Amino acid sequence: MGKGGEQGGDSGEPAAQIRFYTWEEIQKHNLRTDKWLVIERKVYNVTKWAKRHPGGQRVISHCAGEDATDAFQAFHINPTLVQKFLKPLLIGELAPGEPSQDRDKNSQLVEDFRTLRKTAEDMNLFQASPLFFSCYLGHIIVMEVLAWLMISYFGTGWITTLILACILTTSQAQAGWLQHDFGHLSVFKKSSWNHIVHKFVIGHLKGASANWWNHRHFQHHAKPNIFQKDPDVNMLHIFVLGDTQPVEYGKKKLKYLPYNHQHEYFFLIFPPLLIPVYFQIQIISTMIKRRFWADLAWAISYYLRYFITYIPFYGVLGSLCLLTFVRKQAWNKDDSRFLESHWFVWVTQMNHIPMEIDSEKHRDWLSSQMAATCNIEQSFFNDWFTGHLNFQIEHHLFPTMPRHNFWKVKPLVKSLCAKYGVHYEEKPLGKAFVDIVGSLKKSGDLWLDAYLHK
């Protein structure tokens, strides 16, 4: 650590000296009570400010001791505006002899990826289509109205109720994809408008918490499939994932469940039971403990609307049964329900569970996202059914890009991956579903082998 020239200010006060830091020094500050990070070679102490970070303190903590330039650009639609919050946190810069990337990352790959991002910006791929999102919201509202009209005219027979459940399930699933768009700030140019509409869609249309979703989901994007950092791979000892965790459990003789059968009990636990119970409790407790009163009010407005709509037809008990069948909470990275939960669990897990799941390896942004994600072949149905998460690679590389532009940036991403030998995986939808089960079986077999023989 050394000192250099003078750093001028705008207030006419004497300029402060710039302090220079080495990566060795910066990497020491990655503790819960001591967090530094680097953005465009500038060093920031975010220890105290992390608690006030709008995206949650954990996501910013996961980048402590690292170059966070690409993560910073990925999550903020107006980096210039955010710089005003960073300015008071600036403590120095990387020493002149230090590389811009930490831990011997491929600097040329990093620069080429940043050039690709600039190309996408020049192609206006970060500009949303108002018509696309208006039509998307419109088709959700149409389904909600259609459901009400159907029981109004045809009554509450079993066939009508079954069709009603399917319509409401589809509406809720599509609303889940739409809240995901606003949560990622990919619709409006101003963050504030995205936040407002996000609360409406996830709260009033789905009965959930925007803040809870943000704080959880951004961690997943910052460190996908990384144990201790990505909450989506925290399976509470019910499943073992990847290649290393099963072996570690096996060697330690940990057997909370018979993991060699996890690919079988997956069908009984994950879609219908695990997520509904765990995340429903978590989301309610989070809104109360963290005093997300606005989120709670939006969520209550959903339930009021639902019961006002359906109690006249089904009564209190019947409405509760319908709610349980269609809307039993099953929260994943994107919010889902009982019938929904099967839809959402399969869609959200097909891109990640079959991929590499391991401890932190401190890769560059492109390499870390590519190791943890894969794509599903494009078709009109796949786009609609998955909310364009069949373009999971492009979504992870550019979280704030409107989803209707993923197909345009895809060739550029594939070309960059080919240049550096980074694997770009794409598969049919059916195979993606099968690979979830196959991956769980492989991990279970690794656990059994280590449990018996190591």
Side-chain angles (χ1 to χ4, degrees), residues 166 169-170 173-174 176-177 180 220 224-225 227 230 232-236 238-247 249-250 257-276 330-358 369-396 406-407 410 414 417 422-449:
C166 292
T169 295
T170 303
Q174 294 301 321
W177 302 138
H180 180 260
H220 162 72
N225 284 13
F227 290 122
D230 179 0
D232 284 2
V233 295
N234 175 16
M235 293 295 173
L236 304 175
I238 295 175
F239 298 96
V240 288
L241 303 176
D243 294 340
T244 59
Q245 187 187 57
V247 175
Y249 272 50
L257 286 169
Y259 298 120
N260 53 311
H261 293 289
Q262 65 178 5
H263 62 290
E264 296 167 341
Y265 65 69
F266 165 83
F267 295 93
L268 301 174
I269 294 179
F270 208 151
L273 295 178
L274 175 65
I275 298 178
W331 304 94
N332 191 7
K333 54 184 267 189
D334 302 294
D335 189 53
S336 36
R337 322 293 151 111
F338 182 72
L339 283 182
E340 256 186 288
S341 70
H342 294 274
W343 186 334
F344 272 78
V345 165
W346 287 98
V347 169
T348 58
Q349 300 309 307
M350 68 183 181
N351 302 110
H352 295 299
I353 281 186
M355 304 304 291
E356 179 183 301
I357 305 175
D358 210 335
Q369 302 297 333
M370 295 301 298
T373 58
C374 67
N375 275 8
I376 309 304
E377 293 176 351
Q378 183 186 19
S379 69
F380 177 81
F381 174 78
N382 286 354
D383 290 352
W384 175 82
F385 183 74
T386 68
H388 286 87
L389 291 182
N390 50 327
F391 291 95
Q392 190 74 223
I393 290 172
E394 288 72 28
H395 171 56
H396 264 256
F406 288 156
W407 69 274
K410 177 181 175 180
K414 292 186 72 172
C417 289
V422 178
H423 182 54
Y424 185 107
E425 185 167 346
E426 187 174 37
K427 62 184 74 170
L429 182 65
K431 185 178 187 304
F433 291 159
V434 171
D435 284 351
I436 295 175
V437 181
S439 177
L440 291 172
K441 185 178 187 307
K442 177 185 176 184
S443 298
D445 290 342
L446 287 172
W447 168 82
L448 182 62
D449 179 68

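Note that the structure is predicted; figures quoted are calculated from it, not measured.
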query: Which atom names give the shortest non-hydrogen contact between Val345 and Phe266, and what distance separates them?
result: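 Heavy atoms only, the tightest pair is CG1-CZ, 4.2 Å.
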- prompt: What are the two closest non-hydrogen atoms of Pro246 and Ser443, and how far apart are they?
  reply: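 The answer is CB-O, 3.2 Å.
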When you measure from the side chain of [X] to the backbone N and O of [Y], does any donor-acceptor pair fall under 3.5 Å?
X      : Y      : value
His352 : Ala372 : yes
Asn351 : Thr373 : no
Asn375 : Glu426 : no

Beyond-backbone contact of [X] with [Y], side-chain heavy atoms, under 4.5 angstrom:
X      : Y      : result
Pro354 : Glu425 : no
Ile376 : Thr386 : no
Leu241 : Leu440 : yes
Gln349 : Phe270 : yes
Gln392 : Met355 : no
Ile357 : Gln245 : no

Straight-line distance of [X] [atom1] to [Y] [atom2], nearest 0.5 Å:
X      : Y      : atom1 : atom2 : result
Gln262 : Ser439 : CD    : OG    : 8.5 Å
Met370 : Tyr424 : CE    : OH    : 6.5 Å
Asp445 : Tyr259 : CG    : OH    : 15.0 Å
Ile353 : Cys374 : CD1   : SG    : 11.0 Å
Leu389 : Thr348 : CG    : OG1   : 8.5 Å
Phe406 : Phe391 : CZ    : CZ    : 8.5 Å

[Y] and [X] aromatic ring geometry - parallel, tilted or perpendicular at 30°/60° bounds:
X      : Y      : value
Phe385 : Trp343 : parallel
His396 : His220 : perpendicular
Tyr265 : Phe239 : tilted
Phe381 : Trp384 : tilted
Phe433 : Trp346 : perpendicular

- request: Using side chain to side chain contact (heavy atoms under 4.5 Å, CB included) as the criterion, list what pairs up with Asp449, not counting sequence neighbours.
  value: His453, Lys454
message: Just checking Lys410: does its NZ atom have more than 12 heavy atoms from other residues, nucleotides or ligands closer to it than 6.0 angstrom?
response: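 It does: Lys410 NZ has more than 12 such atoms within range.
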message: Could you walk me through whether Leu257 and Ile238 satisfy the side-chain contact (heavy atoms from CB on, under 4.5 Å) test, starting with their C-alpha distance in whole Å, then the side-chain angles of each, then the deciding distance to 0.1 Å, before giving a yes or no?
response: CA-CA 7 Å; Leu257 286 169; Ile238 295 175; 3.8 Å; yes
- prompt: Going through the checks in order, is the side-chain contact (heavy atoms from CB on, under 4.5 Å) test met by His395 and His180?
  reply: CA-CA 11 Å; His395 171 56; His180 180 260; 3.0 Å; yes
query: When you check the side-chain N and O atoms of Asp383 and Asn390, is any donor under 3.5 Å from an acceptor?
result: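 Side-chain D/A pair, Asp383 to Asn390: present.
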field: Any residue meeting salt bridge (charged side-chain N to carboxylate O under 4.0 Å, His left out) with Lys431, in chain and number order, not counting sequence neighbours
entry: Asp435
